[in-house]
Amino acid sequence: MKNIIIKLLALFVFIGFGNAYASDAAHAAPEHISTHQEETYQARPFSEMIGGFLASTGINALINPDPNELNAHDEPMSDFHKTWGRVIMILVTFLLFWLAIKKGFEPLLLLPIGFGGLLANIPVAGIAGHDGFLGIIYTMGLSNQLFPILIFMGVGAMTDFGPLLSNPKTALLGGAAQFGIFGTLVGAVALAEMGIVDFTLKQASAISIIGGADGPTSIFIATTLAPELLGAIAVASYSYMAMVPIIQPPIMKALTTEAERKIKMTTLRHVSRIEKLVFPLMVLVLAILVLPDSTPLIGAFMFGNFLKESGVVDRLSDTMQNALINIVTIFLGLAVGSKLAADQFLVGETLAILALGIVAFSAGTAAGVIMAKIMNLFPGHKINPLIGSAGVSAVPMAARVSNKVGMEYDRSNMLLMHAMGPNVAGVIGSAVAAGVLISLFQ
Amino acid sequence: METNLVVEGVKFMFLGMGTVFLFLIILIFLMNVMSNLVHKLFPEPQANDTAQANSSANNDNKKVIAAITAAIAHHRQQG
């Protein structure tokens, strides 16, 4: 028995050696041939090879920029944007990482955007160019507006219209908050008229949509009307959405009295399943009749919501809420990040966009609160004006802020579900506003 | 073209806010009509239609709880 085992082992060892030897020979043979066949490669002295390698390093590209290097749009770039601009932008992306990780500012989007920006500012590699992978992702789904639409689908599948259906008139608050968009539009063109900034009407519209506080809508409009400003608009939009708990409360407190903040709202009535099922179709039909330009956004939104409320396709609605929206978020973030290239982001307009964005946000918040106060002048159930600020979309952050501020003044006053009504109406409102802007430029 | 940019912006604002409000006001009207229809055509027995119904249900519950506690107290006194 032992003998047999030893013989078998010896056989295996022999076969193994034989194979190894054979494969060595097989490897050696093609290599030998390929060095002869490769005609483009020419032997060079070692010092020249080192020199060539040093010329291809990132350090060299940052110190001695290639005068013929073009940006992602095949336009020449200034030396500043090729050298210090890239260093500054890489530091800016580190700032975004810090905000996302340490401060918890919308990490789901700021991390992919920031990393995309980091990759887009690498010299030589051209990752954000036509053939780079960021450039491919950008053309795949952002320049044709596919990604924001898919995100809207997922958001629709996550949205519950119950609070809005049980108190329909709160939809007006979501409408009033869209003043943030159009008020800022007037402000931006007025600044342009005075010669302080240089924006066209299209660019001003794309910037002011930040006031809708709706990331996908901002990106949708920016890619349609002013793709050159996309990076700054997306970054401003998502940063301010993350800063809702800081920006909104002072405005809400300044515009309301203590008595108003303590108003208790009547309990929300039960909403039947059929109502929730009919609602998305009703909104879509209304959008078809009134404003077909808004139907890409509203259609996708209501598709997601309809699948969720139907209750028979939980698998699909679950995919939209989780897997699909997560995948698209990665792609959307990276594609937006590719627009953080120094030559597109480090321009004077970016500062103006950031400034106008926060004005738009604040104006929307204020308009929602004021609208609630106006509605309280009419007979009927009183509305706590704190929920007016939730009319800017930013679901569900803005509604949580309303709830939190309300509880500061009366611990038993739960405003969260009441604020969800204007909050989801705000999403519909900003999609309608987006449709209006698109229809005006056709 | 250059001179009336602000006027254009104001026009955009009125048209935009007008459309948004028109859309939402029609939507509010439709929501009310729809929920009335749904409640007439497909009444849900367990649904509490109004806040009043809700509070009266709560009151009923409280009365029941009060009755039970009174009965327990009475029983203990007897025992």
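Order of the sequence lines fixes the chain letters, A, B, ..., with proteins taken first and strands second; residue numbering starts at 1 for each chain. When reading the values below, keep in mind they use all heavy atoms of this one structure, side chains included, and skip hydrogens, waters and symmetry mates.
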With a 4.5 angstrom heavy-atom cut-off, could you sort out which part of [X] is near chain B: side chain, backbone, both or neither?
X	value
A:S208	neither
A:A176	both
A:M194	neither
A:F161	neither
A:I428	side chain
A:V189	both

Point-to-point distance, once rounded to the nearest 0.5 Å, from [atom1] of [X] to [atom2] of [Y]:
X	Y	atom1	atom2	value
B:I28	A:T170	CD1	OG1	7.5 Å
B:M31	A:S166	CE	OG	10.0 Å
A:Q178	B:T19	CD	OG1	12.0 Å
A:L172	B:I25	CG	CD1	5.5 Å
B:F42	A:S272	CZ	OG	9.0 Å
B:N36	A:E275	CG	CD	9.0 Å

Query raised in the report: Near B:F29 CZ, under 6.0 Å, is it more than 12 heavy atoms from other residues, nucleotides or ligands?
Result: no
Report task. Find the one option among A:L201, A:T200, A:L291 whose heavy-atom pairs under 4.5 Å with chain B are most numerous. Result ->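 Highest number of heavy-atom pairs under 4.5 Å: A:L201.
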**Report entry** Residue selection (most heavy-atom pairs with chain B, distance under 4.5 Å) from A:A287, A:G174, A:G187
**Finding:**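 So the answer, after comparing A:A287, A:G174, A:G187, is A:A287.
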Report summary line: Heavy atoms of A:R269 and B:S35 approach each other most closely as NH2-CB, 3.5 Å
Query - Shortest non-hydrogen contact from A:P168 toward B:N32 - result: CG-OD1, 3.4 Å
Does the side chain of [Y] come within less than 4.5 Å of [X]'s, by heavy atoms?
X	Y	value
B:F23	A:I298	yes
B:L5	A:F199	no
A:L440	B:K11	no
A:M282	B:L27	yes

Requested in this report: Please look at B:V20 and chain A and tell me whether the side chain, the backbone, both or neither of the residue comes under 4.5 angstrom of a heavy atom of that chain.
Outcome: both
Query raised in the report: Quick one: of B:L41, B:L37, B:V38, who has the most non-hydrogen atom pairs under 4.5 Å with chain A?
Result: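 Top option by heavy-atom pairs under 4.5 Å: B:V38.
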Report task. State which residue, out of A:V186, A:I181, A:L185, fulfils the side chain to side chain contact (heavy atoms under 4.5 Å, CB included) condition with B:F12. Result ->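 The passing option is A:L185.
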Report task. Begin with the C-alpha distance, continue with both residues' side-chain angles, and end with the deciding distance and a verdict on ring pair (Phe, Tyr, Trp, His ring centres under 6.0 Å) for A:F179 and B:F21. Result -> CA-CA 11 Å; A:F179 177 75; B:F21 271 112; over 10 Å; no
